[in-house]
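Letters go in sequence order (proteins before strands), and every chain restarts at 1. Model, not experiment: these values are computed from the prediction.
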Amino acid sequence: MKVSIRYGLCCQFLDAPIRFRAATHRYVWGLEPAARREYLAGIARDNAAALLASVGECRRLGIGAFRINSGILPLSTHPASGYRLPGIDPDGTTEALFREAGEAARAADLRLSFHPDQFVVLNSEREAVVASSVSELEYQAAVAKLVGADVIVFHGGSTAGGRDAALERLERGIERLSERARVRAALENDDRQYAPADLLPLCRRLGIPLVYDVHHHRCRPDGLSVEEATLAAAETWNGREPYSHISSPRDGWDAANPRPHADYVDLADWPDAWRGVRMTVDVEAKDKERAVTALMREIGSGPVVKPRGRKSGRKAGQTSGG
DNA sequence: GCATGTCAAGTTGTG
DNA sequence: CACAACTTGACATGC
C-alpha cells in the first residue's frame, strides 16, 4: 500500500558514497578541444552512473523522490565551453546509462525533478538573461525527458518594473519554452518576492502548476493560510501528484534571518494540513538523506513526539535546542 | 596528503 | 559604487 506522502531528497547524499562531479569553465578552457571533450565526457559518464546509484540508494531507504542537480552535465550551456550530450558521447554509452537510471527510477516509483538555480530568470529585463535562462531550461528539459523527470521547478524571478509588469514578462518567457520544457515547468513561491498568492493567477491561467514551499511562505506571507495555499497549489496540479518543499529555519523563526535551512526538519514545522495528503515533499535539509529518513520515521510514528536522539553524526543534537 | 583559492551565470538590498 | 546574500561544495593546484 502506497503511503500518502512521497518524501524527496535534494541532489546529494551525506552517508552513501555517491558523489556527483563538477567542472569549471576556467579549467576546461585551458585544455585542448580533444582533451576537453574527453574530460567532460568522463564527468558526464560518472554522473550518469551516480544517478543510477542514487536511484538504488533512494529505493533502499524508502525515499520516493530525488531532485537532480543542475550540474548533472556541467557547463553544458556555457556560451564558450558548452556542449551537447551526443557531442561528447558519440557511442551513446552515457545516454544509455541515463536511460537505465530513468527505467530504474520508474521501477522504483521514484519521482525525479530538476530545480535550476538563481541564474535562471525568465522575466529579466535583459534579453540576454532571458535567452540564457531559456537555454538552461531547455537543457534541463532534455535531460528530464531522457530520465523521465516530470517536473522542472523555478522561481518567479525579478520584480523590476513592478510585480504586474514582471509577471507579464514571466508569461512571455514561459511562452518561449518548447513543449518539452513547458509540460515539465512548475513555479515555486520564493522567500522574498513571489508568494503563492502572487503566482497562483498566472499558474491557473497558463496551466503551470505551483510547487508550494511552506518555509518560503512563512518567510513571505500573503494572507493565505498554510492550509489554503496547500489546497490552492494542489489544484494547479490538475490531477497530477502535487509537489511541495519543506525546510526549517537554521536559527529558529525568531532569528533576524529565518531563511537559511537547518540540518533537519523540525516536526513542529510540518503543516497539519499535510497529514493524510497525497503529495511529493522535497526535504530541503543540510543533512540530506539522514534528514529525509528521520522525518519519515517521525511522521510515520504517528503522534507528534520529539525523537529521543538523532543518529550519531557531525553535530549531534544541535537542532534540539539544547 | 592537505590546505587553499577559485568557481559561468542574476537580482536585490545594504553600506 | 561595491559587495554580500542567496548556497556551498568541489575542483585543480601548490606546498
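Between A:Arg182 and A:Glu179 there is no salt bridge, since no side-chain nitrogen of the basic residue lies less than 4.0 Å from a carboxylate oxygen of the acidic one. Between A:Arg290 and A:Asp15, at least one side-chain nitrogen of the basic residue sits less than 4.0 Å from a carboxylate oxygen of the acidic one, meeting the salt-bridge criterion. A salt bridge links A:Arg67 with A:Glu284: the distance from a Lys NZ or Arg NE/NH1/NH2 to an Asp or Glu carboxylate oxygen falls below 4.0 Å.
In terms of phosphate contacts, A:Arg19 brings no side-chain nitrogen or oxygen within less than 4.0 Å of OP1 or OP2 of C:dG9.
Atom-to-atom, NE2 of A:His215 to C1' of C:dT7 comes out at 14 Å; the value is rounded to the nearest Å. Rounded to whole Å, the distance from CZ on A:Arg169 to C1' on B:dG10 is 13 Å. The distance between atom CG of A:Asp190 and atom C1' of B:dT11, rounded to the nearest whole Å, is 11 Å. One atom, CG of A:Asp251, and another, P of C:dT7, lie 12 Å apart when rounded to the nearest Å. In this entry the distance linking CG of A:Leu40 with P of C:dC11 reads 13 Å, nearest Å. Between A:Arg250 atom CZ and C:dT8 atom C1' there is a gap of 12 Å when expressed in whole angstrom units. In this structure, CG of A:Asp191 is placed 11 Å from C1' of C:dA5, rounded to the nearest angstrom. Whole-Å rounding puts the A:His261 NE2 to C:dG9 C1' distance at 16 Å.
Separation of the P atoms belonging to B:dG5 and C:dT8 is 22 Å when rounded to the nearest angstrom. For the P atoms, the distance linking B:dA8 with C:dT13 amounts to 14 Å, nearest Å. Comparing the same atom, P, in B:dT4 and in C:dC6 gives a spacing of 25 Å after rounding to whole Å. The separation of B:dG13 from C:dT7, taken at their P atoms, amounts to 16 Å, rounded to a whole angstrom. Look at the P atom in both C:dC3 and B:dC7: the space between them is 15 Å, to the nearest Å.
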List, with names and distances, any nitrogen or oxygen atoms from the protein found under 3.5 Å away from nitrogen or oxygen atoms belonging to nucleotides 1-3 of chain C.
none

Could you run down the sub-3.5 Å N/O contacts of the protein with nucleotides 5-9 of chain B?
residue: B:dC7; atom: OP1; partner: A:Arg26; partner atom: NE; Å: 2.8
residue: B:dC7; atom: OP1; partner: A:Arg26; partner atom: NH1; Å: 3.4
residue: B:dC7; atom: OP1; partner: A:Arg26; partner atom: NH2; Å: 2.2
residue: B:dA8; atom: OP1; partner: A:His25; partner atom: N; Å: 2.2
residue: B:dA8; atom: OP1; partner: A:Arg26; partner atom: N; Å: 3.1
residue: B:dA8; atom: O4'; partner: A:His78; partner atom: NE2; Å: 3.2
residue: B:dA8; atom: N1; partner: A:Thr77; partner atom: OG1; Å: 3.3
residue: B:dA8; atom: N1; partner: A:His78; partner atom: N; Å: 3.4

N/O-N/O pairs, protein side and nucleotides 12-15 of chain B side, under 3.5 Å:
residue: B:dT12; atom: OP1; partner: A:Ser158; partner atom: OG; Å: 3.2
residue: B:dT12; atom: OP1; partner: A:Thr159; partner atom: N; Å: 2.6
residue: B:dT12; atom: OP1; partner: A:Thr159; partner atom: OG1; Å: 3.1
residue: B:dT12; atom: OP1; partner: A:Ala160; partner atom: N; Å: 3.3
residue: B:dT12; atom: O3'; partner: A:Gln193; partner atom: NE2; Å: 3.4

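A distance below 6.0 Å separates the ring centres of A:Tyr212 and A:His217. In summary, the aromatic rings of A:Trp29 and A:His78 are positioned with their centroids too far apart to meet the 6.0 Å limit.
One N or O on the side chain of A:Arg19 and one on the backbone of A:Phe13 form a donor-acceptor pair closer than 3.5 Å. When atom types are taken as modelled, the side chain of A:Asp198 and the backbone of A:Ala195 share a donor-acceptor pair closer than 3.5 angstrom. Judged by distance alone, with hydrogens and angles left aside, the side-chain atoms of A:Asp213 form a donor-acceptor pair with the main-chain N or O of A:His216 at under 3.5 Å.
A cation-pi arrangement is absent between A:Arg218 and A:Trp270 under the rule of less than 6.0 angstrom and at most 45 degrees off the ring axis.
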Show which side-chain atoms of residues 32-40 of chain A pair as donor or acceptor with protein atoms under 3.5 Å away, not counting sequence neighbours.
residue: A:Arg36; atom: NE; partner: A:Val28; partner atom: O; Å: 3.0
residue: A:Arg36; atom: NH2; partner: A:Leu31; partner atom: O; Å: 3.1

Which atom pairs, donor and acceptor, lie under 3.5 Å between side-chain atoms of residues 119-127 of chain A and protein residues at least two apart or in another chain?
residue: A:Asn123; atom: OD1; partner: A:Ser158; partner atom: N; Å: 2.9
residue: A:Asn123; atom: ND2; partner: A:Gly156; partner atom: O; Å: 2.9
residue: A:Asn123; atom: ND2; partner: A:Ser158; partner atom: O; Å: 3.0
residue: A:Asn123; atom: ND2; partner: A:Ala166; partner atom: O; Å: 3.3
residue: A:Ser124; atom: OG; partner: A:Arg126; partner atom: N; Å: 3.0
residue: A:Glu127; atom: OE1; partner: A:Arg176; partner atom: NH1; Å: 3.0
residue: A:Glu127; atom: OE2; partner: A:Arg176; partner atom: NH2; Å: 3.0

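For the residue pair A:Glu298 and A:Val265, the shortest heavy atom distance occurs at OE1-O, 4.4 Å. The minimum heavy-atom distance linking A:Ser244 with A:Val211 is given by the pair CA-CG1, 4.3 Å. Of all non-hydrogen atoms in A:Phe114 and A:Val147, the two that sit nearest each other are CE1-CG2, 4.4 Å.
Relative ring orientation between A:Tyr243 and A:His245 is described as perpendicular, the plane-to-plane angle rising above 60° on a 0-90° scale split at 30° and 60°.
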Pairing annotation in dot-bracket form, given for DNA chain B with Watson-Crick or G-U pairs under 3.5 Å and | for cross-strand partners: |||||||..||||||
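Out of B:dT11, C:dC6, C:dG9, the shortest distance to the side chain of A:Gln12 is found at C:dG9.
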